[in-house]
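Just so you know, ligand 1 is whichever comes first in the structure, and atom 1 is the first atom listed for that ligand.
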Amino acid sequence: MLKLAVLVSGRGSNMLRLATAIDELQLAARITTVIANVDCDGITHAKARGIDSYVIRRRDHDSRAAHEAALAACIDQSGADIVCLAGYMAILGADFVNRYQGRMINIHPSLLPAYKGLDTHQRAIDDGAATHGATVHLVTPELDAGPTIAQARLEIEPADDATSLAGRVLQLEHQLYPFVVASLANGHLTLQDNTPRWADPNSAMAAMPDHMRQILEPALILAAADAGAS
Ligand code: GRF
């Protein structure tokens with residue numbers, strides 16, 4: 001059983017997708033806790049699903065280190081194997097990140113290494129970029145710079161504005177993050193030594209239901225596919 005702690009700060013749609021995909025795909029996985037740093041819809045959604053959830057606020061702690069120690073205690077108490085950042089809007093310190101090295105992952109709304117940080121959709125449009133998308137990556141102390149696990153790509157349409165593009169990317173995110181978690185749960189993907197290895201990408205995709213495969217398969221880029229594929 002793969003146990004996940006999911007960290008959120010906002011609407012929590014990726015967290016919800018992970019929860020629904022775990023049920024739909026009957027994965028050997030469970031969200032053991034959802035933690036936010038602010039009151040947010042993500043916590044409301046988690047509670048509605050009966051998932052243990054907590055708000056651990058920075059302002060209730062004297063320092064970032066104290067805040068992150070409380071966060072780590074909550075994660076560890078939940079028995080989580082993997083920490084999934086899903087719109088957690090705080091920069092995490094190196095000590096915290098290193099504590100979860102190789103088992104903390106994030107979803108970011110761009111094709112990293114392009115557009116690290118915020119406001120990715122508008123920046124891509126302003127640059128006249130042809131493609132855009134989402135990345136799931138391992139978290140390292142440098143922001144949005146950890147090893148890529150998988151990406152989903154789309155073409156920016158002439159009619160796209162930041163809002164429409166964000167919506168289209170989010171639709172990809174909602175397939176990509178569950179795909180990565182499903183692949184971890186069923187052993188198609190490992191993260192040993194802070195290195196993603198796809199043992200059998202075709203089987204990983206074949207394990208997805210049609211409605212996910214139809215959206216994800218044409219968009220998917222597995223950066224590390226050659227590291228473990230035969
Ligand atoms: C997503 O776009 C994710 O890529 C980024 O923050 C957003 C979170 O959205 N890291 P939600 O809270 O999961 O709806």
Item to complete: Fit a plane to each ring of His67 and His61, take the angle between them on a 0 to 90° scale, and name the class: parallel (under 30°), tilted (30 to 60°) or perpendicular (over 60°).
Response: tilted
[atom2] on [Y] to [atom1] on [X], rounded to 0.5 Å:
X: Met104; Y: Asn194; atom1: CE; atom2: CG; result: 10.0 Å
X: Arg58; Y: Glu68; atom1: CZ; atom2: CD; result: 9.0 Å
X: Ile105; Y: Leu191; atom1: CD1; atom2: CG; result: 7.0 Å

Dump the pairs for me: ligand 1 N or O, protein N or O, distance under 3.5 Å, to 0.1 Å.
{"unit_1": "ligand 1", "atom_1": "2 (O)", "unit_2": "Glu173", "atom_2": "OE1", "d": "3.2"}
{"unit_1": "ligand 1", "atom_1": "2 (O)", "unit_2": "Glu173", "atom_2": "OE2", "d": "3.0"}
{"unit_1": "ligand 1", "atom_1": "4 (O)", "unit_2": "Ile107", "atom_2": "O", "d": "3.3"}
{"unit_1": "ligand 1", "atom_1": "4 (O)", "unit_2": "Glu173", "atom_2": "OE1", "d": "2.7"}
{"unit_1": "ligand 1", "atom_1": "4 (O)", "unit_2": "Glu173", "atom_2": "OE2", "d": "3.3"}
{"unit_1": "ligand 1", "atom_1": "9 (O)", "unit_2": "Arg11", "atom_2": "NH2", "d": "3.3"}
{"unit_1": "ligand 1", "atom_1": "10 (N)", "unit_2": "Ile107", "atom_2": "O", "d": "2.8"}
{"unit_1": "ligand 1", "atom_1": "12 (O)", "unit_2": "Gly12", "atom_2": "N", "d": "2.8"}
{"unit_1": "ligand 1", "atom_1": "13 (O)", "unit_2": "Ser13", "atom_2": "N", "d": "3.3"}
{"unit_1": "ligand 1", "atom_1": "13 (O)", "unit_2": "Asn14", "atom_2": "N", "d": "2.8"}
{"unit_1": "ligand 1", "atom_1": "13 (O)", "unit_2": "Asn14", "atom_2": "ND2", "d": "2.9"}
{"unit_1": "ligand 1", "atom_1": "14 (O)", "unit_2": "Arg11", "atom_2": "NE", "d": "2.5"}
{"unit_1": "ligand 1", "atom_1": "14 (O)", "unit_2": "Ser13", "atom_2": "N", "d": "2.9"}
{"unit_1": "ligand 1", "atom_1": "14 (O)", "unit_2": "Ser13", "atom_2": "OG", "d": "2.5"}

Item to complete: Under the side chain to side chain contact (heavy atoms under 4.5 Å, CB included) rule, collect the residues that match up with Asp23, sequence neighbours excluded.
Response: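 Side chain to side chain contact (heavy atoms under 4.5 Å, CB included) list for Asp23, sorted by chain: Arg49.
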Discussion item. Before you tell me yes or no, could you show the steps for Arg99 and Asp76 under salt bridge (charged side-chain N to carboxylate O under 4.0 Å, His left out), namely the whole-Å CA-CA distance, both residues' side-chain angles and the distance that decides it to 0.1 Å?
Written reply: CA-CA 11 Å; Arg99 179 188 187 113; Asp76 295 348; 2.6 Å; yes
